[in-house]
Amino acid sequence: MAGKYKQTSIEIDSGSGFCFGVSRAVKLAEEQLAKGGRLISIGDIVHNEEEVERLHQKGLISSDLDKLTGPPGTPVLFRAHGEPPASYQKVKQEGRSLIDASCPVVLKLQLRINKAWKEALAANGQIVIYGKKGHPEVTGLCGYTNNRAIVVQHPEDVAQIDRDKPTALFAQTTMSYKGYEEMEALIREHLSKPDLLKVNKTICGQVANRMPNLKVFAAKHELIIFVGGNKSSNAKVLFEVCKSENPRSFFVSSLEEIDEKWLEPAVASIGICGATSTPLWLMEQVAESMRGILDKKETTI
Ligand code: SF4
């Protein structure tokens with residue numbers, strides 16, 4: 001039937017893509033690279049291979065702080081996740097200039113944790129962080145407690161918490177509200193007195209609110225193409241959310257992975273969405289590519 005592909009609508013989810021902190025970090029990196037010369041990012045600036053590659057082409061180098069690669073004297077960039085105090089010292093020792101692209105929300109959280117840590121020292125208390133062990137943001141946060149914070153990720157980790165000490169609980173910014181509530185309940189139960197626990201609301205809505213919004217988006221369209229990096233854990237989780245709402249959801253990390261067969265049978269609408277690390281330009285390219293496939297199919301009916 002002529003027109004069945006032509007009429008297909010394509011929508012890019014306005015809530016997908018970089019959060020404010022990551023957009024800002026990429027912008028700061030691009031501004032520096034536009035001046036000429038190279039720039040060293042400590043770790044990949046974002047968990048998306050395509051975006052990292054685009055910035056590498058412009059002169060960005062990803063490196064460990066302990067084994068700095070790149071020409072001597074090249075400035076260093078801290079990404080949105082933030083860094084512990086030791087990293088700032090290290091950059092100073094190396095005599096490098098620093099572009100601190102730590103997200104302002106994370107910087108505020110570091111200050112809050114540091115203040116709580118000083119109070120805990122005076123009151124024989126403890127700091128607990130709900131987050132992913134080894135995640136760069138968590139490593140950074142722990143640095144503001146002299147690496148003495150207790151990181152809890154799974155229920156069994158609660159056993160490490162001293163039952164009788166005043167406890168200040170914080171969360172990594174990208175954890176889910178539900179997970180935090182469950183962890184809070186477990187810790188309260190574990191402590192000898194529930195009022196020993198002080199909970200700080202530190203989850204960032206930029207990521208936590210995406211899940212419910214994405215569910216609505218995935219259910220609204222007949223076909224979903226989720227664009228995300230293969231290394232991004234956030235992408236995997238959000239893709240599963242799409243898939244549970246809409247079984248006709250497909251994951252792509254690059255344009256080459258798009259399969260024309262996904263359009264059989266024809267659909268009335270296609271939704272394109274992505275993770276917090278997915279650049280908008282990549283979702284736009286996927287939309288363009290889908291439009292091209294639809295046009296081609298239309299002419300061959
Ligand atoms: S999720 Fe929130 S706190 Fe974390 S980098 Fe993005 S904007 Fe900043």
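Start at 1 with the first residue, then count along the sequence. Predicted, not measured: the structure shown is a model, and the values here were computed from it.
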Examine [X] and [Y] and state if one hydrophobic cluster contains both, with Ile, Leu, Val, Met, Phe, Trp and Tyr joined whenever side-chain heavy atoms are less than 4.5 Å apart.
X	Y	answer
Ile225	Phe251	no
Ile61	Val46	no
Val76	Leu55	no
Val106	Val207	no
Val252	Phe239	no

Does [X], at its [atom1] atom, have more than 12 non-hydrogen atoms belonging to other residues, nucleotides or ligands within less than 6.0 Å?
X	atom1	result
Lys165	NZ	yes
Lys27	NZ	no
Glu189	CD	no
Arg291	CZ	yes

May I ask you to test the [X]-[Y] pair for a side-chain heavy-atom distance under 4.5 Å?
X	Y	result
Leu107	Asp100	yes
Ile224	Lys243	no
Val91	Ile42	no
Val199	Arg188	yes
Phe226	Ser16	no
Asn48	Pro279	yes

Show the nearest heavy-atom pair for residues Ala287 and Ile12, with the distance to one decimal. CB-CD1, 4.0 Å
Give me the atom names and distance for the closest heavy-atom approach of Asn114 to Tyr144. ND2-O, 2.9 Å
Passes side chain to side chain contact (heavy atoms under 4.5 Å, CB included), Trp281 versus Glu51? Steps please. CA-CA 9 Å; Trp281 62 262; Glu51 178 68 349; 2.7 Å; yes
Could you tell me how the ring of [X] sits relative to the ring of [Y]: parallel (under 30°), tilted (30 to 60°) or perpendicular (over 60°)?
X	Y	answer
Tyr180	Tyr130	parallel
Phe250	Trp262	parallel
Phe78	Tyr88	perpendicular

Distance only, no hydrogens: is a donor on one side chain within 3.5 Å (strictly under) of an acceptor on the other, for [X] and [Y]?
X	Y	answer
Glu49	Ser253	no
Glu53	Gln57	yes
Ser62	His56	yes

Measure the [atom1]-[atom2] distance between [X] and [Y] for me, rounded to the nearest 0.5 Å.
X	Y	atom1	atom2	result
Leu186	Leu191	CG	CG	11.0 Å
Thr145	Lys118	OG1	NZ	12.0 Å
Glu83	Gln110	CD	CD	8.5 Å
Cys103	Lys108	SG	NZ	9.5 Å
Leu109	Arg112	CG	CZ	7.0 Å
Cys142	Ile150	SG	CD1	10.0 Å

Would you check, one step at a time, whether the test side-chain hydrogen bond (donor to acceptor under 3.5 Å, both in side chains) holds for Glu137 with Thr173? CA-CA 8 Å; Glu137 181 188 318; Thr173 59; 2.7 Å; yes
Test side chain to side chain contact (heavy atoms under 4.5 Å, CB included) applied to Ile113 and Ile129, step by step: CA-CA 9 Å; Ile113 287 186; Ile129 299 172; 4.0 Å; yes
Is a donor on one side and an acceptor on the other found under 3.5 Å between the side chain of [X] and the backbone of [Y]?
X	Y	value
Ser41	Leu39	no
Arg24	Ser102	yes
Thr139	Gly143	no
Thr69	Ser63	no
Asp295	Gly292	no
Ser97	Pro75	no
Arg79	Ala101	no
Thr278	Val227	yes
His154	Glu156	no
Asp259	Lys261	yes

Would Arg38 and Ile40 satisfy side chain to side chain contact (heavy atoms under 4.5 Å, CB included), going step by step from the backbone distance to the final call? CA-CA 7 Å; Arg38 315 289 305 263; Ile40 302 171; 6.0 Å; no
Pick out which of Gln153, His81, His135 makes a side-chain contact (heavy atoms from CB on, under 4.5 Å) with Gln172. His135
Using 4.0 Å as the upper bound for N to carboxylate O, is an ion pair formed by Glu240 and Lys236? no
Could you check whether Arg54 pairs with Glu50 (Lys NZ or Arg NE/NH1/NH2 to Asp/Glu carboxylate O, under 4.0 Å)? no
Any chance you could lay out the side-chain hydrogen bond (donor to acceptor under 3.5 Å, both in side chains) test for Gln126 and Thr167, step after step, and finish with the verdict? CA-CA 5 Å; Gln126 58 195 342; Thr167 304; 3.0 Å; yes
Please test Ser9 against His221 for side-chain hydrogen bond (donor to acceptor under 3.5 Å, both in side chains), starting from the C-alpha separation and ending with a verdict. CA-CA 9 Å; Ser9 68; His221 293 286; 5.1 Å; no
Take Arg148 and Ile127 through the test side chain to side chain contact (heavy atoms under 4.5 Å, CB included) and record every step on the way to the result. CA-CA 8 Å; Arg148 301 285 300 280; Ile127 304 292; over 6 Å; no
